[in-house]
Amino acid sequence: MIDQRVFKFPGVKSLTVWLGLLTFFQAILIILQAQYLSEAIVHLWKLQAVGTIVLPLVYFGLAFVGRHLLTLAKNWLTYPFVEKTTKTLRKQFMAKLFDLGPSVVAQKGTGNVVTMGLEGIDKIQTYLMMIIGKVLDLSITPWLILIYIGLIQWKEALFLLVIYPLIILFMIILGLAAQAKADRQYAGYQRLSNHFVDTLRGLPTLKQLGLNEQYAGNVYQVSEDYRKKTMATLTIAMTSTFALDFFTTLSIAIIAVFLGFGLMDNTIQLLPALVILTLAPDYFAPIRNFANDYHATLNGKNALTAVLDILQRKTPDDRQLLPASDPVWTADDDIRLNHVNVSYDQDRTTLQDISFDVHGFQKVGIIGASGSGKSTLINTLSGFLSPQDGQITVRGTNVPHLDQQAWQRSFVYIPQAPYLFHASLRENLAFYTPDASDEAVAQAAERAGLSDWIQTLPDGLATQIGEGARGVSGGQAQRIALARAFLDDSRRVLLFDEPTAHLDIETEIELKKTMMPVFENHLVFFATHRLHWMNEMDYILVLDHGKLVEQGTPAELQAKNGAYVRLRNEMAGEAPEQ
């Protein structure tokens with residue numbers, strides 16, 4: 001039930017000690033509460049003066065209040081630890097995703113990763129808030145009560161001792177069934193999250209193709225599948241709760257029968273009998289609370305396992321192999337890939353036997369049909385993915401991957417949809433160079449073709465953009481990304497991952513006029529399926545199903561009349577030649 005990795009969190013050991021002490025004193029108060037309440041009832045039963053019950057009732061009230069104050073104290077101690085731990089987990093999770101790059105997203109799915117980082121952490125918070133206290137309560141309270149009952153009447157204590165493991169065994173059987181159901185439910189939840197994100201991403205395209213209603217049926221089936229898994233899990237949970245209540249109530253009833261016979265045979269007095277009968281429900285209360293919360297914490301445990309599994313993934317630790325003295329790319333530098341293989345998982349190789357050599361300032365086009373591996377190659381060049389085999393050489397230095405600090409300080413990565421932070425336009429433009437002057441930012445914006453648009457904004461460069469703020473079109477977002485490249489002249493390597501894939505051809509042509517001056521004195525890797533960009537390239541890499549089938553200058557590839565020419569013929573109608 002409890003993931004052992006929980007006890008490796010900072011502060012958990014001291015918290016456990018304090019909670020254990022508080023639980024011990026709480027169990028003592030539970031015993032005192034039952035003792036003094038029984039004494040008051042016995043005094044009333046014997047028709048003694050009302051004054052004889054005042055002191056027992058005062059002691060009972062103090063024990064009752066103290067018991068619940070200790071519960072508040074345990075929650076008060078636990079909450080700061082849980083809050084700090086979950087915040088740390090969220091930060092570590094986001095940092096790990098950044099280090100691992102898109103490989104983990106490709107394996108787990110975008111929706112799953114987003115859900116894991118947001119709702120999953122919230123479920124972990126609930127799990128940690130409940131599980132430590134419940135386990136300690138289960139480990140301490142019943143046994144102190146059992147010892148006290150054993151000092152009063154050993155037969156009833158022996159019965160309680162024998163019945164307890166049977167209840168636990170039965171709960172384990174139902175718990176394993178619930179765990180299996182919960183695992184399938186969580187997997188269904190992840191699948192539903194991925195489908196939801198995919199639907200949002202593809203909704204405009206689906207509507208244009210008239211397939212939105214058809215795909216709605218697919219979403220309905222996934223949702224219905226998740227509903228069924230949830231109901232199956234709840235059925236097990238309700239069954240186990242009913243079974244636990246039944247067995248514990250039956251056990252208390254049997255104890256009551258034994259005590260009744262003892263009173264009739266005069267083998268036990270009324271006071272100890274009432275104490276035992278009062279303590280019997282508290283003896284079973286920890287396991288009942290544990291079982292009731294078990295199902296509520298299953299998703300939290302699954303979320304914690306998923307998050308910790310990602311946090312424990314290995315990230316490259318050899319990130320300083322390239323000399324950091326001068327990260328600026330020059331005309332004399334070169335990068336070479338030799339028989340490189342890249343995969344997102346161990347079962348399937350995405351890029352196979354990739355070899356090419358690029359020298360100085362060149363414009364390198366990467367072209368291929370959808371799914372040919374263009375984005376994977378860009379992710380490898382940016383260091384987001386590490387090759388499984390092959391050799392990479394940068395400036396004469398052999399490196400196992402390009403997740404090198406010196407290399408990362410030398411390039412700008414421009415994806416299909418550049419991320420815009422919820423901040424001012426100026427802060428977004430100066431993402432790579434936050435210390436840039438206002439004059440430099442304005443010049444970069446002008447070179448990127450943003451000046452006319454900025455003049456229409458109410459607050460100019462101070463206008464808030466990004467999520468929840470002013471909307472920005474796809475073309476404007478790409479221009480902001482270009483302005484970032486203009487601002488930082490030390491980054492002379494540009495990595496473009498189909499930057500115009502979601503733009504209409506008119507916007508693309510306008511953007512192209514802005515982009516071409518950026519390419520001067522830069523090493524450019526430009527992945528696209530738009531053919532007219534190839535006319536601007538110095539060198540072209542042709543990918544097909546993860547393999548580099550051709551490479552060379554546009555003239556050389558045209559003369560070969562091979563894969564490049566066939567691809568041009570297949571895609572000729574997609575965009576006009578420029």
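Throughout, numbering of the chain's residues begins at 1 and tracks the sequence. Since the model is a prediction, treat every value here as computed from it, not as a measurement.
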Under 3.5 Å, is there a donor-acceptor pair between the side chain of [X] and the main chain of [Y]?
{"X": "Glu427", "Y": "Ser424", "answer": "yes"}
{"X": "Glu556", "Y": "Thr553", "answer": "yes"}
{"X": "Glu550", "Y": "Ala563", "answer": "yes"}
{"X": "Arg484", "Y": "Asn428", "answer": "yes"}
{"X": "Lys374", "Y": "Asp497", "answer": "no"}
{"X": "Glu536", "Y": "Met516", "answer": "no"}
{"X": "Gln551", "Y": "Ser355", "answer": "yes"}
{"X": "Trp329", "Y": "Gly360", "answer": "yes"}

Which heavy-atom pair separates [X] from [Y] by the least distance, and what is that distance?
{"X": "Lys547", "Y": "Gln352", "value": "CE-OE1, 3.3 Å"}
{"X": "Asp334", "Y": "Gly396", "value": "OD1-N, 4.1 Å"}
{"X": "Pro387", "Y": "Pro400", "value": "CD-O, 3.5 Å"}
{"X": "Met534", "Y": "Tyr564", "value": "CB-OH, 3.5 Å"}
{"X": "Ile310", "Y": "Phe93", "value": "CD1-CE1, 3.8 Å"}
{"X": "Gly546", "Y": "Ile354", "value": "O-CD1, 3.8 Å"}

Side-chain heavy atoms of [X] within contact of [Y], under 4.5 Å:
{"X": "Arg491", "Y": "Ser410", "answer": "no"}
{"X": "Val412", "Y": "Val493", "answer": "no"}
{"X": "Val441", "Y": "Leu487", "answer": "yes"}
{"X": "Leu548", "Y": "Asp353", "answer": "no"}
{"X": "Asp538", "Y": "Val364", "answer": "no"}
{"X": "Val340", "Y": "Asp389", "answer": "no"}
{"X": "Val542", "Y": "Leu557", "answer": "yes"}
{"X": "Leu308", "Y": "Leu89", "answer": "yes"}

Would you check, one step at a time, whether the test side-chain contact (heavy atoms from CB on, under 4.5 Å) holds for Val394 with Trp407? CA-CA 9 Å; Val394 181; Trp407 173 253; 4.2 Å; yes

Distance in Å, [X] [atom1] paired with [Y] [atom2], rounded so as to fall on 0.5 Å steps:
{"X": "Thr376", "Y": "Leu381", "atom1": "OG1", "atom2": "CG", "value": "11.0 Å"}
{"X": "Ile378", "Y": "Glu498", "atom1": "CD1", "atom2": "CD", "value": "9.5 Å"}
{"X": "Thr86", "Y": "Ile121", "atom1": "OG1", "atom2": "CD1", "value": "7.5 Å"}
{"X": "Gln312", "Y": "Lys96", "atom1": "CD", "atom2": "NZ", "value": "9.0 Å"}
{"X": "Leu351", "Y": "Asn341", "atom1": "CG", "atom2": "CG", "value": "8.5 Å"}
{"X": "Phe525", "Y": "Leu541", "atom1": "CZ", "atom2": "CG", "value": "7.5 Å"}

If you apply the rule side-chain contact (heavy atoms from CB on, under 4.5 Å), what do you find for Val549 with Leu543, and how did you get there? CA-CA 6 Å; Val549 293; Leu543 293 175; over 6 Å; no

Does the side chain of [X] pick up a donor-acceptor pair with the side chain of [Y] at under 3.5 Å?
{"X": "Ser372", "Y": "Asp544", "answer": "no"}
{"X": "Ser343", "Y": "Gln388", "answer": "yes"}
{"X": "Asp333", "Y": "Thr330", "answer": "yes"}
{"X": "Lys363", "Y": "His522", "answer": "no"}
{"X": "Gln391", "Y": "His339", "answer": "no"}

Within a 6.0 Å radius of atom NZ on Lys560, are there more than 12 heavy atoms belonging to other residues, nucleotides or ligands? yes

Check this for me: His359, atom NE2, are more than 12 non-hydrogen atoms of other residues, nucleotides or ligands nearer than 6.0 Å?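 It does: His359 NE2 has more than 12 such atoms within range.
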
Measuring centre to centre across the rings, with the benzene-like ring taken for any Trp, is Phe356 within less than 6.0 Å of Tyr539?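 Ring-ring flag for Phe356/Tyr539: false, centres at least 6.0 Å apart.
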
Strictly under 6.0 Å, is that where the ring centroids of Phe519 and Phe496 end up?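 Ring-ring flag for Phe519/Phe496: true, centres closer than 6.0 Å.
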
Hey, mind stepping through Arg90 and Asp122 against salt bridge (Lys or Arg N to Asp or Glu O under 4.0 Å) and telling me if it holds? CA-CA 10 Å; Arg90 182 174 276 117; Asp122 293 338; 3.5 Å; yes

Quick one: do Asp332 and Arg395 satisfy salt bridge (Lys or Arg N to Asp or Glu O under 4.0 Å)? Show the steps, please. CA-CA 9 Å; Asp332 297 325; Arg395 295 170 168 171; over 6 Å; no

Intermediate values then yes/no, side-chain contact (heavy atoms from CB on, under 4.5 Å), Phe526 and Ile367: CA-CA 8 Å; Phe526 197 98; Ile367 191 170; over 6 Å; no

Val524 and Leu494: side-chain contact (heavy atoms from CB on, under 4.5 Å), yes or no, with the steps? CA-CA 5 Å; Val524 180; Leu494 304 179; 4.1 Å; yes

